[in-house]
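Have a look at the structure below, then the notes.
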Amino acid sequence: MNTKILIIGACGQIGTELTQQLRKLYGTDNVIASDIRKLNNDVVNDGIFEVLNALDFNQIEHIVEKYQVEEVYLMAALLSATAEKNPAFAWDLNMNSLFHVLNLAKAGKIKKIFWPSSIAVFGPTTPRENTPQFTIMEPTTVYGISKQSGERWCEYYHHIFGVDVRSVRYPGLISWTTPPGGGTTDYAVDIYYKALSDGKFECFLSEETRLPMMYMDDAIRATIEIMQAPAEKIKIRSSYNLSGVSFTPKEIAEEIKKHIPDFTISYKPDFRQKIADSWPGSIDDSTARTDWGWKHNFDMGLMTVEMLENLKK
Ligand code: AKB
């Protein structure tokens, strides 16, 4: 596969693992990683890396032309908790970076786009359990509003201009390689670090807050599978529901206790509780399963074993 790929936001939680996997599949010379700053990590050191501001159309266009990029994965975004603190910048970054790549595709400069949406597109009036693909969407967070608007624009650019844009609504993502930053679901990563280092964890969500989550391996596979699927199988051009596991802080703590019996959890909900309360507890992703064959592999037990084993190393 000689496709030239650009990842924008390659040093983030998803970008890091996505870059490594795409380099394995497409070859190191075909994958251009980029981010707003140059860190000293594998993404930067193990292949092609460019400093790139996702808000700068000319810079993106320049990199696309320089490497003759065909596919762009736009992973740069401000997540839910950070976006509440900086609404104007969140709107600017989350929307304008998307317009830049959509417009490059409209101009025929790139062939295919992956853009991540989120369970944050749903709101308090959405059915909470087994949230359907098509349902009421009245997000009450800055991040959710930007993702819902982004979905509408993706669908519009596909229908009106024929842009091949593909998207999934990620749930909270759990991984051991790169920590998340600024999300409401981040506790589900932090809990593993603290269980190993301190044997205890103070959770910023209440014990019964159920949220949809997914192990990163599944999320990366979903991302690459939807991008590799034949175009006619991608019938939804806003974004697909995607489901892995679904649990409460209490349930994940119980799972960790099976491996670290003395582990304790306490609860001190903060402003993120309100965000979590507006989101679904579980997601119906049967449309993704039917349309392009999506299937998750990791349940809470397997994910916990993998997280603890890898973080111990
Ligand atoms: C967040 O918590 O903001 C993200 C998300 C669910 O999109 N992890």
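What you see is a predicted model, and the numbers here were worked out from it, not measured in a lab. Side chains are part of it too, since the values below use all heavy atoms of this structure and drop only hydrogens, waters and symmetry mates. Indexing begins at 1, ligand by ligand and atom by atom, following the structure's order.
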Specify whether Phe247 and Tyr187 have parallel, tilted or perpendicular ring planes, treating 30° as the upper limit for parallel and 60° as the lower limit for perpendicular. perpendicular

Parallel, tilted or perpendicular: ring planes of Phe114 versus Tyr73, cut at 30 and 60 degrees: tilted

Check whether Phe204 forms a cation-pi arrangement with Arg272 (NZ or CZ under 6.0 Å from the six-membered ring centre, at most 45° off the ring normal). yes

Aromatic Phe161 / basic Lys106 pairing, under 6.0 angstrom, 45° off normal: yes

Could you tell me, atom by atom, which parts of ligand 1 come under 4.0 Å of a heavy atom of Ile119? 6 (C)

Shortest protein contact, atom 5 (C) of ligand 1 (heavy atom only): Ser118 OG, 3.5 Å

If you count the atoms of ligand 1 from 1 in the order shown, which ones are under 4.0 Å from a heavy atom of Leu79? 3 (O)

With atoms numbered from 1 as shown, which atoms in ligand 1 lie under 4.0 angstrom from a non-hydrogen atom of Gly183? 1 (C), 2 (O), 3 (O)

Please verify the inter-ring angle class for Trp292 with Tyr240; under 30° counts as parallel, over 60° as perpendicular, anything in between as tilted. perpendicular

Do Tyr143 and Trp91 have side-chain N/O donor and acceptor atoms under 3.5 Å apart? no

For Tyr143, counting its heavy atoms only, list the atoms of ligand 1 lying under 4.0 Å from any of them. 3 (O), 5 (C), 7 (O)

Step-by-step side-chain contact (heavy atoms from CB on, under 4.5 Å) determination, Ile14 to Tyr170: CA-CA 10 Å; Ile14 309 172; Tyr170 287 133; 3.5 Å; yes

Backbone, side chain, both or neither: what part of Asp186 comes under 4.0 angstrom of ligand 1, heavy atoms only? neither

For Trp279, atoms of ligand 1 separated by under 4.0 Å from a heavy atom: 1 (C), 2 (O), 3 (O), 6 (C)

Among all protein non-hydrogen atoms, which one is nearest to atom 8 (N) of ligand 1, and what is the separation to 0.1 Å? Thr185 OG1, 2.9 Å

Among all protein heavy atoms in this structure, tell me which lies nearest to atom 1 (C) of ligand 1, with the distance rounded to 0.1 Å. Ser80 OG, 3.4 Å

Quick test: of every protein heavy atom, which one is nearest to atom 2 (O) of ligand 1, and how far off is it to 0.1 Å? Thr184 N, 2.7 Å

